[in-house]
Amino acid sequence: MLEAAANYFDHAATSPVLPEVFTEMLPYLSEDFGNANSLHSWGQRARAAVELARSRVASLLGCFPEEVFFTSGATEANNWVMRQFEGPKIAYSPFEHSSVLETGRALGARVLPNVGYVVSAPGGSTTALVSVMTVNNETGAELEAPKIPGALCHRDVTQQLGKLPLDLTDTDFASMSAHKLGGPKGVGALYARGGGPLEPLLFGGEHEGGYRAGTLNVAGIVGFGAACALASDEMVERLERAKRLRGILLQALHKVPDWLENCHNANSPYVLSVSFLGIQGESLVVEVDAKGFAVSSGAACSSRSTEPSHVLTALGYSPERVRGTVRISLGPGNTAESTWALGKALESAAAKLRALAK
Ligand code: PMP
């Protein structure tokens with residue numbers, strides 16, 4: 001199954017469901033189809049599977065199962081946390097995913113000041129919630145959240161979960177999606193320290209302790225739990241592999257002129273963001289797609305927009321650098337050979353586009 005994904009280098013957008021995860025999910029799409037809130041045995045089997053998944057997610061997060069609430073993904077979890085607070089009392093980093101940025105804008109929240117990737121505490125009025133992702137989805141930069149006395153801390157851990165060790169010690173809320181770590185799309189969770197109380201975002205049923213209405217996505221949740229269990233076992237190996245493949249990619253790009261790495265001294269090895277000066281990132285994406293490789297020009301949720309990346313813009317990069325950006329994100333299925341071949345495909349695509357531009 002994963003062999004088909006050898007040339008897929010867009011794992012920050014989404015990653016394939018891992019074979020072991022798929023196998024664990026299947027019964028809950030067929031004979032064990034019960035509603036996890038039903039009293040009969042079908043319901044009880046579904047409930048038991050959901051609770052096992054909750055404990056597996058909690059174990060990867062290092063928290064109690066009662067602190068994990070299943071959602072449709074990180075977008076919902078981000079919306080949910082932010083809507084617990086009065087807008088002007090929320091402060092978020094300029095590097096956040098659009099689900100935080102747009103919710104922040106809609107609520108009238110404040111953007112934290114930054115110098116490079118260093119985000120600092122806001123001046124002035126009181127802050128009740130500070131929201132800073134742990135690993136940026138466009139560049140892989142690892143971010144620190146400023147400590148603000150009296151404020152609760154929300155971290156979007158979507159690009160870190162299952163890839164890098166996670167420490168929730170100073171974290172009150174965390175958002176995540178299963179499909180970034182080998183689980184299915186459309187399922188994720190909100191971690192809430194102490195298990196709430198939370199004001200629901202969705203009303204209409206007693207699911208998830210009354211905090212999140214809607215019939216549970218049992219197969220999806222089972223897949224999320226299985227992906228977390230696998231990630232706990234394989235974390236060290238995955239990390240070593242990503243570092244090795246990243247090294248191969250950098251080596252393959254070594255002879256290409258005029259490109260810059262958009263990284264940071266603390267960077268996830270799974271993401272490599274590079275800017276090819278004088279070229280449009282989208283053109284490179286299309287060129288290498290024609291050679292059978294998937295990379296991206298930025299976050300998937302904004303790759304169809306013509307707006308420049310808000311992340312690279314917040315770093316103060318020149319418009320030329322921002323325009324020429326390509327994001328390569330590593331995951332299962334990528335091999336040393338396919339990674340080297342991608343580097344060479346980028347090299348020839350860059351040469352072709354530059355020759356055309358002359
Ligand atoms: N936060 C981050 C950091 C992400 O990378 C993503 C997915 N691109 C999300 C939130 C949203 O995840 P989903 O679309 O699965 O809700």
Side-chain angles (χ1 to χ4, degrees), residues 1-19 135-142 159 162-164 180-182 230-231 234-300 303 321 323-357:
M1 199 148 99
L2 288 177
E3 292 77 52
N7 289 353
Y8 178 87
F9 290 89
D10 197 12
H11 292 274
T14 196
S15 215
V17 171
L18 294 169
V135 174
N136 182 260
N137 49 314
E138 290 191 32
T139 64
E142 293 179 34
Q159 296 289 342
K163 297 184 172 162
L164 297 159
K180 310 286 180 170
L181 68 146
L230 265 182
E234 296 177 356
M235 178 94 69
V236 174
E237 192 188 313
R238 285 182 190 180
L239 200 45
E240 284 314 309
R241 230 176 120 259
K243 285 184 189 157
R244 203 168 61 244
L245 296 182
R246 185 189 179 88
I248 291 173
L249 190 57
L250 287 170
Q251 184 64 32
L253 291 173
H254 190 61
K255 292 211 188 95
V256 184
D258 296 333
W259 62 272
L260 299 161
E261 232 183 288
N262 298 319
C263 75
H264 177 56
N265 47 10
N267 210 93
S268 158
Y270 297 91
V271 183
L272 181 69
S273 169
V274 285
S275 294
F276 294 84
L277 302 179
I279 306 179
Q280 298 274 354
E282 289 83 2
S283 307
L284 271 170
V285 171
V286 172
E287 281 293 323
V288 299
D289 180 48
K291 294 173 197 261
F293 295 95
V295 296
S296 116
S297 56
S303 67
R321 181 168 181 178
R323 268 196 307 274
T325 303
V326 170
R327 177 186 70 182
I328 298 142
S329 44
L330 302 162
N334 297 143
T335 62
E337 294 71 32
S338 70
T339 305
W340 179 263
L342 169 68
K344 292 295 140 193
L346 283 166
E347 179 175 21
S348 61
K352 177 177 163 189
L353 292 169
R354 283 184 171 137
L356 284 174

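Scope of the values below: all heavy atoms of this structure, side chains included, with no hydrogens, waters or symmetry mates.
Residues Thr335 and Trp340 are not in side-chain contact: their nearest non-hydrogen atoms beyond the backbone lie 4.5 Å or more apart. With a 4.5 Å cut-off on side-chain heavy atoms, Val135 and Lys163 do not count as touching. Counting heavy atoms from C-beta outward, Ser329 and Gln159 have side chains that stay 4.5 Å or more apart.
Heavy-atom minimum distance, Gly162 versus Leu181: CA-CD1, 4.1 Å. In plain terms, the two heavy atoms of Phe276 and Val274 that are nearest each other are CE1-CG2, 3.5 Å. In plain terms, the two heavy atoms of Trp259 and Leu253 that are nearest each other are NE1-O, 3.1 Å. Heavy-atom minimum distance, Pro332 versus Ser15: CD-OG, 3.9 Å.
Among the candidates Ser275, Ser296, Ser297, the single residue satisfying the side-chain hydrogen bond (donor to acceptor under 3.5 Å, both in side chains) test with Thr325 is Ser275.
For Glu142, the side chain to side chain donor-acceptor pair (under 3.5 Å) criterion is met by no residue, not counting sequence neighbours. Under the side chain to side chain donor-acceptor pair (under 3.5 Å) criterion, Ser273 pairs with Asn262, not counting sequence neighbours. Residues forming a side chain to side chain donor-acceptor pair (under 3.5 Å) with Arg323 (at least two apart in sequence, or on another chain): none. Contacts of Tyr8 classified as ring pair (Phe, Tyr, Trp, His ring centres under 6.0 Å), with partners at least two apart in sequence or in another chain: His11. Glu240 pairs by the side chain to side chain donor-acceptor pair (under 3.5 Å) definition with nothing, not counting sequence neighbours.
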Set out, in order, the CA-CA distance, both residues' side-chain angles and the distance that settles side-chain contact (heavy atoms from CB on, under 4.5 Å) for Val295 and Leu284, then state yes or no. CA-CA 9 Å; Val295 296; Leu284 271 170; over 6 Å; no

Check step by step if side-chain contact (heavy atoms from CB on, under 4.5 Å) holds for Arg238 and Leu230. CA-CA 11 Å; Arg238 285 182 190 180; Leu230 265 182; 4.0 Å; yes

What do the steps show when you test Leu342 against Ile328 for side-chain contact (heavy atoms from CB on, under 4.5 Å), and what is the final call? CA-CA 9 Å; Leu342 169 68; Ile328 298 142; 3.7 Å; yes

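With hydrogens and angles disregarded, no donor-acceptor distance shorter than 3.5 Å links the side chain of Arg327 to the backbone of Ala12. Proximity of a side-chain donor or acceptor of Arg241 to a complementary backbone N or O of Asn334 within less than 3.5 Å is detected. Here the side chain of Arg321 pairs no donor or acceptor atom with the backbone of Leu277 at under 3.5 angstrom.
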Show me the side-chain donor-acceptor pairs of residues 287-294 shorter than 3.5 Å, one per line, residues at least two apart or across chains.
unit_1: Glu287; atom_1: OE1; unit_2: Lys352; atom_2: NZ; d: 3.1
unit_1: Glu287; atom_1: OE2; unit_2: Lys352; atom_2: NZ; d: 3.2
unit_1: Lys291; atom_1: NZ; unit_2: Ser348; atom_2: OG; d: 3.1

